[in-house]
Amino acid sequence: MSLQEQIKAIDSYTKSAVKQKRYDHSVRVAQMCEFLCNKYNLDAEKGYLVGIGHDMCKEMSDSDLIEIAARDGDPITDYEKSKPSLLHGRAAAVYMKEKFGIEDSEILEAVANHVSGKEGIGPIGMVLFLSDKIEPSRPQSTDEYRANLFKLSLMEMYYSVIKENYEYISSKGYDVYPGTYEMLQAYDRLFGKGGDNK
């Protein structure tokens, strides 16, 4: 299948596999991915594909998520076992490979890691993580909020949104995905921010 055919097939599958509200979110994420790819000179078709398919497994049962995600060859951590919904990105990456013939490592990495982000992730992965967090229906995502982010480089925007997300989750007393604090420390060093975010 061509990339366009894969996009069409994944769009159709996602629409059939999730509730309308989540499909609508997926369309907005895909559109934001396309916009960011064009802004930062990346492949906009790849961007649309990861956006439209990133949540295709979101509404599966816990047992299905664990079984499908395990097929990527990486261990299922205790944290993931305790919150199987976190595996929907990994499961979607497996489905993209198995059902839709996608072998592109940049696409698979982006989809697999869109829930938590990942230190050193590729540009398409940054675009998907960002688009999922800032698509226009998100409460904080006003026109002004996005306009300020769009003044940044892609990596600066990624760092900014991960930090904001971390601080929000921490302030609410929720568990933070393991490795997020360490990832933030690495980006702090990269951007010379210093200090302690914990």
Side-chain angles (χ1 to χ4, degrees), residues 6-40 42-61 65 83-93 95-96 107 109-118 121-177 180 183-184:
Q6 288 170 325
I7 289 170
K8 189 174 180 180
I10 288 169
D11 185 320
S12 177
Y13 177 82
T14 300
K15 192 169 189 176
S16 71
V18 300
K19 295 182 177 70
Q20 184 66 40
K21 184 176 179 182
R22 190 167 307 283
Y23 174 73
D24 292 343
H25 160 73
S26 298
V27 171
R28 288 190 298 270
V29 172
Q31 290 168 342
M32 181 61 70
C33 284
E34 192 173 44
F35 169 81
L36 290 176
C37 283
N38 284 323
K39 178 175 174 58
Y40 293 104
L42 303 170
D43 188 323
E45 285 191 333
K46 278 190 188 182
Y48 196 91
L49 187 153
V50 298
I52 202 64
H54 77 289
D55 273 355
M56 65 165 68
C57 296
K58 180 81 171 181
E59 295 173 21
M60 288 182 170
S61 68
L65 285 171
K83 302 175 188 294
S85 65
L86 296 172
L87 292 166
H88 74 269
R90 287 176 59 182
Y95 258 32
M96 284 190 176
I107 290 173
E109 176 194 55
V111 172
N113 292 285
H114 82 266
V115 176
S116 61
K118 175 186 171 186
I121 199 168
I124 296 291
M126 291 185 201
V127 162
L128 176 57
F129 179 86
L130 288 164
S131 297
D132 193 27
K133 298 293 187 287
I134 70 169
E135 60 95 342
S137 76
R138 297 297 194 187
Q140 84 286 7
S141 190
T142 62
D143 290 346
E144 182 183 12
Y145 170 85
R146 292 193 304 278
N148 285 328
L149 285 176
F150 296 158
K151 295 173 186 174
L152 304 174
S153 72
L154 180 59
M155 188 172 285
E156 285 169 336
M157 196 192 322
Y158 181 65
Y159 166 79
S160 175
V161 171
I162 285 178
K163 185 167 184 168
E164 178 185 290
N165 200 50
Y166 172 83
E167 289 171 351
Y168 174 78
I169 291 170
S170 298
S171 74
K172 294 291 185 182
Y174 301 139
D175 289 339
V176 177
Y177 208 102
T180 301
M183 176 168 54
L184 268 174

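Note that this is a predicted model, so its numbers are computed, not measured. Throughout, residue positions are numbered sequentially from 1 according to the sequence presented.
- Although no hydrogens or angles enter the test, the distance criterion places no donor-acceptor pair under 3.5 Å between the side chain of Ser12 and the main chain of Ala9.
- Between Leu149 and Ser160 there is a side-chain heavy-atom pair separated by less than 4.5 Å.
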Hey, mind stepping through Lys46 and Val50 against side chain to side chain contact (heavy atoms under 4.5 Å, CB included) and telling me if it holds?
CA-CA 6 Å; Lys46 278 190 188 182; Val50 298; 5.6 Å; no
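- Annotation: side-chain hydrogen bond (donor to acceptor under 3.5 Å, both in side chains) contacts of Tyr23 (sequence neighbours excluded): Asp11.
- In this structure, Lys21 NZ and Ser26 OG are separated by 12.5 Å, a value rounded to the nearest 0.5 Å.
- With sequence neighbours excluded, no residue forms a salt bridge (charged side-chain N to carboxylate O under 4.0 Å, His left out) with Lys15.
- Partners of Ser61 under the side-chain contact (heavy atoms from CB on, under 4.5 Å) rule, at least two apart in sequence or in another chain, are Ser63, Asp64.
- Expressed to the nearest 0.5 Å, how far CD of Glu45 lies from SG of Cys33 amounts to 13.5 Å.
- Here Leu42 contributes atom CG and Ile124 contributes atom CD1; the two are 5.0 Å apart, rounded to the nearest 0.5 Å.
- Asp143 meets the side-chain hydrogen bond (donor to acceptor under 3.5 Å, both in side chains) test with Arg146; sequence neighbours excluded.
- Across all their heavy atoms, Ala92 and Val111 have their closest contact at CB-CG1, 3.6 Å.
- A heavy-atom distance below 4.5 Å is found between the side chains of Met157 and Leu36.
- Within the 4.5 Å cutoff, the side chain of Cys57 has heavy atoms near those of the Tyr95 side chain.
- Looking at residues two or more places apart in sequence or on another chain, you find no side-chain hydrogen bond (donor to acceptor under 3.5 Å, both in side chains) involving Glu144.
- Atom CD of residue Gln140 and atom CG of residue Asn165 lie 8.5 Å apart, to the nearest 0.5 angstrom.
- Taking a 6.0 Å sphere around OH of Tyr145, one finds it holds more than 12 heavy atoms contributed by other residues, nucleotides or ligands.
- Shown here are the ring pair (Phe, Tyr, Trp, His ring centres under 6.0 Å) partners of Phe129, two or more places apart in sequence or in another chain: Tyr158.
- Taking the side-chain contact (heavy atoms from CB on, under 4.5 Å) definition, one finds that Lys8 meets it with nothing, sequence neighbours left out.
- A heavy-atom distance below 4.5 Å is found between the side chains of Arg138 and Asp132.
- In this structure, the side-chain hydrogen bond (donor to acceptor under 3.5 Å, both in side chains) partners of Tyr177, at least two apart in sequence or on a different chain, are Glu80.
- Under the salt bridge (charged side-chain N to carboxylate O under 4.0 Å, His left out) criterion, Lys133 pairs with no residue, sequence neighbours left out.
- Across Tyr166 and Val176, no two heavy atoms sit closer than the pair CD1-CG1, 3.6 Å.
- Glu34 is linked by a salt bridge (charged side-chain N to carboxylate O under 4.0 Å, His left out) to nothing, counting only residues two or more places apart in sequence or in another chain.
- Distance check, rounded to the nearest 0.5 Å: CG of Leu152 to CG of Leu130 gives 10.0 Å.
- Inter-residue side-chain proximity for Glu135 and Ser141 is flagged as unmet; no heavy-atom pair is nearer than 4.5 Å.
- Between Met96 and Met56, some side-chain heavy-atom pair lies under the 4.5 Å cut-off.
- Within the 4.5 Å cutoff, no side-chain heavy atoms of Ile169 are placed close to those of Thr180.
- Between His114 and Asp55, the closest side-chain pair of non-hydrogen atoms falls below 4.5 Å.
- When every heavy atom of Ala44 is checked against every heavy atom of Asn38, the shortest pair comes out as CB-OD1, 3.6 Å.
- In this view, Ser153 and Met155, Glu156 satisfy the side-chain contact (heavy atoms from CB on, under 4.5 Å) rule, not counting sequence neighbours.
- Closest non-hydrogen pair, Cys37 versus Val127, comes out as SG-CG1, 4.1 Å.
- Thr14 and Ile52 get closest at one heavy-atom pair: OG1-O, 3.2 Å.
- Residues forming a salt bridge (charged side-chain N to carboxylate O under 4.0 Å, His left out) with Glu59 (at least two apart in sequence, or on another chain): Lys19, Arg22.
- Expressed to the nearest 0.5 Å, how far CD of Glu164 lies from CD1 of Ile162 amounts to 11.5 Å.
- Side-chain atoms of Gln6 never come within 3.5 Å of backbone atoms of Leu49 as a donor-acceptor pair (strictly under, hydrogens ignored).
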